[in-house]
Novice: 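Below are the structure tokens for one structure; questions will follow.
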Amino acid sequence: MSETITLADAKAVIENQIEELARRNREPEWMTKIRYRALEAFERAPHNDPVISEEQLLHFIAKPEVEGIPEHIESLEDLPAELKALLDRLGIEEVEQKYVAGLAVQTDTGVIYNQFLQEWAKKGLTVLPTEEAVRRYPDLVKEHFLRLFRVDESKLTAYHTAVWNGGIFLHVKEGLKVPFPLHLFFLIQESALAQAPHIIIIAEPNTEFHLIEGCTAPILVRHSLHLDMTEAYFGENAKGQLTVLQNWPEYVHTRPMTRAKIGKNARFINTTVGLGTGKSNTANPKYWVDENGYVELNGILLGQKDWYVDLGGEMYLQGKGAAGINASKAVIMDESTVITRGIITAEAPKTKGHISCDALLLSDKSRMETYPGLVSRVDDAELSHEAAIGKIREEELFYLMSRGLSEEKATQLIVKGFLEPMLKDIPMEFLVEIRKIIELAVSGGM
Amino acid sequence: MLKVENLHVSVDDKEILRGVDLSVGQGEFHVVMGPNGSGKSTLALTLAGHPRYKVTKGTLLFDGESILNLGPDERARKGILLAFQVPPEVEGVKIIEFLQQVLVELKGIDPAEAYDAIVKKAGELWFKEDDLHRYVNVGFSGGERKRLELLQALLIEPKLLILDEPDSGVDVDSLSIISRKIEELNRAGTAVLLITHYGRILEHLDPGTFRVHVMKDGRIVMERGGEFVNEIEERGFQAIFEECGCDE
């Protein structure tokens, strides 16, 4: 970093961004006020990131934003050629053909393309870019925007709130069961630009949905920071799945922030597949679970090179009979570090919680740490944890090799098999891609 | 085809094979018997190239070439297949995907063709198509594990099939199908080196068609015709060793 950037410099840049976003998004005043409050909070909020220093953060912020995306895009054909080529490479069209499903692509500067079936809208499925939802459903957004976070929790929450842009507003009306997965892709194109989509999920009682976020970025981006925030609200008996596929290039720092309130008898399965977690990825999703509600956090983590991955997860079992599972499987190679630290707090009778962590270490310099946390405030909760950290067993490797598979192929098979039980519920075309990425990673790490 | 001469093998610096000599010609059937700890499994694992079994002395030739420096995968490609005594569980790896990959790699056939071949042969060893979507050996009974080893042998059609106690921990019905399939492979030209404790798996083989080698303390001390199995069954190793003066 050649120049020193002060907090005041960063604030000035953020202020400009707020002005710009307010104007470009034709934003109602109440939202712009929230941004300004966040700007004030940014100054006093603590910064406690394990990897990004405050100086680095200010630097990320102060780099100017560059626009390059056409204003109105109705279909894939309206996209700039290079973006279209990128989507082709990601197989998005393939995905779209397979499912007659919703698709939204988020770039640095906003949601540029989305297409959802009109009949599903009529049935009560609303999927909009969040900034559009702000204009069209102000009351609903006010009720659910930044209700699960405090703006001044950290500089990152404050910064996100000040400059959030894009993201998806998903509203499933009472009783509607969406039979196909909804896809959302993030792409980072501009360097040193914090991308901060805000995702709101409102699943009314007796609904079902599956939202898949695929994250990737073009090759030429350097030192970006990705700061998405997801707030999910599950009504009584709602069943939802959020699957996040991360395949960031190695220089993107990612700080996904996810929180959910899970109502009575509701069920939330949150799977994060971190194949390319970026230079560093730290996340500490939080879930509050009501009576007989259920939450599952499944983390699939691939640590490569010198990446730093830290997956937490706090579950508060607040209603009688609520249950939570925090399960992770990590494959760690090269010199990367993976840390898992789930905490389950039982606050109501007959609640159940389980934390499990399995890790496969593929090199001597890779590092795994796990810190399961179980807190019980009642006397009849069932809380447990298990952890297993190990290397590939020689007998398994020998067995596969004695059938003619090379060490590399045999290792790939074992690694894929290790992760396999966690990949249930992921659509086939993603699985193919995921397996390919794992194979490449294993080969590269050998 | 296989020529073992004065083979010495150590595991973790402890010598287990102390000068094994053995020859197996193309399509031949050889049985290795011997008390526990005599080195039978060590011989099997050494032939297959297990990295923990270090050859300290002797030669190991296959089709006239030394295979001492070849890894287990390269030996498999030359036509050696070991059916394990206790095949390990491979969590998360489906039998069908594993076998398809093996056939694609070893035989160069395409996955669809491999799939059909696998399903067909699986039926002959009482596996249903559903079973093939289970993980390799995970939660398998002894009989199922051994049948899966045989299924791999049927599909791979090796030049030399080494069977390490295919009859241990197996129910009577599985034993009979396993023994028939071994014969079938042998008739089709696969040389067999079968390690066993008991004669039962050899019951319906013509004693004139195979040779029996008896191992003791890391060496093959006797070689006889097939009918010798009955004598071992009746009298036990101890009596036989005393008589032949093999007790040193």
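Quick caveat, the model's predicted, so the values are computed rather than measured. Chain A is the first sequence line, chain B the second, and so forth, proteins listed ahead of strands; every chain is numbered from 1.
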Novice: Below 4.5 Å from any heavy atom of chain A, which atoms of B:A83 appear? Answer side chain, backbone, both or neither.
Specialist: backbone
Novice: Using a 6.0 Å cut-off, check whether atom NZ of A:K352 has over 12 heavy atoms from anything other than its own residue.
Specialist: no
Novice: Test ring-ring contact (aromatic ring centres under 6.0 Å, His included) on B:F84 and A:F398; report intermediate values, then the result.
Specialist: CA-CA 11 Å; B:F84 281 48; A:F398 171 62; 5.5 Å; yes
Novice: Heavy atoms only: give me the nearest A:M401-B:A76 pair and the separation to one decimal.
Specialist: O-CB, 4.3 Å
Novice: Could you look at A:Y399 and say if it's the side chain, the backbone, both or neither that has a heavy atom under 4.5 Å from chain B?
Specialist: both
Novice: Crowded around B:K107 NZ? As in, over 12 foreign heavy atoms under 6.0 Å?
Specialist: yes
Novice: Give the minimum heavy-atom separation between B:V102 and A:R403, together with the two atoms involved.
Specialist: CG1-O, 3.5 Å
Novice: I need the residue from A:E396, A:R393, A:K416 with the largest number of non-hydrogen atom pairs under 4.5 Å to chain B.
Specialist: A:E396
Novice: Are there more than 12 heavy atoms of other residues, nucleotides or ligands under 6.0 Å from atom NZ of A:K177?
Specialist: yes
Novice: Counting neighbours of NZ on B:K3 that are heavy atoms of other residues, nucleotides or ligands and sit closer than 6.0 Å, is the number greater than 12?
Specialist: no
Novice: Take atom CZ in A:R367; do more than 12 heavy atoms of anything else shown fall under 6.0 Å from it?
Specialist: no
Novice: Using a 6.0 Å cut-off, check whether atom CG of B:D116 has over 12 heavy atoms from anything other than its own residue.
Specialist: yes
Novice: Could you tell me which portion of B:E91 (side chain, backbone, both or neither) has an atom closer than 4.5 angstrom to a non-hydrogen atom of chain A?
Specialist: backbone
Novice: For B:D73 and A:L405, which heavy atoms make the closest approach, and how far apart are they?
Specialist: CB-O, 3.1 Å
Novice: Any chance the side chains of A:E395 and B:H50 put a donor and an acceptor closer than 3.5 Å?
Specialist: yes
Novice: Please check if the number of heavy atoms outside B:Q26 that lie under 6.0 Å from its CD is greater than 12.
Specialist: no
Novice: Under 4.5 Å, counting heavy-atom pairs only, tell me which of B:G49, B:P158, B:G92 racks up the most with chain A.
Specialist: B:G92
Novice: Between B:R77 and A:G404 (side chain of the first, backbone of the second, donor and acceptor by atom type, cut-off under 3.5 Å), is there such a pair?
Specialist: yes
Novice: Which bit of B:L45 is near chain A, if near means a heavy-atom gap under 4.5 Å: side chain, backbone, both or neither?
Specialist: both
Novice: With rounding to the nearest 0.5 angstrom, report the CD to OG distance, B:E74 to A:S406.
Specialist: 10.0 Å
Novice: Measuring from A:S402:OG to B:L47:CG, what's the distance to the nearest 0.5 Å?
Specialist: 12.5 Å
Novice: Take atom CG of B:D110 as the centre, draw a 6.0 Å sphere, and report whether it contains more than 12 heavy atoms from other residues, nucleotides or ligands.
Specialist: yes
Novice: Got a second to check how far A:E394's CD is from B:R52's CZ, nearest 0.5 Å?
Specialist: 5.5 Å
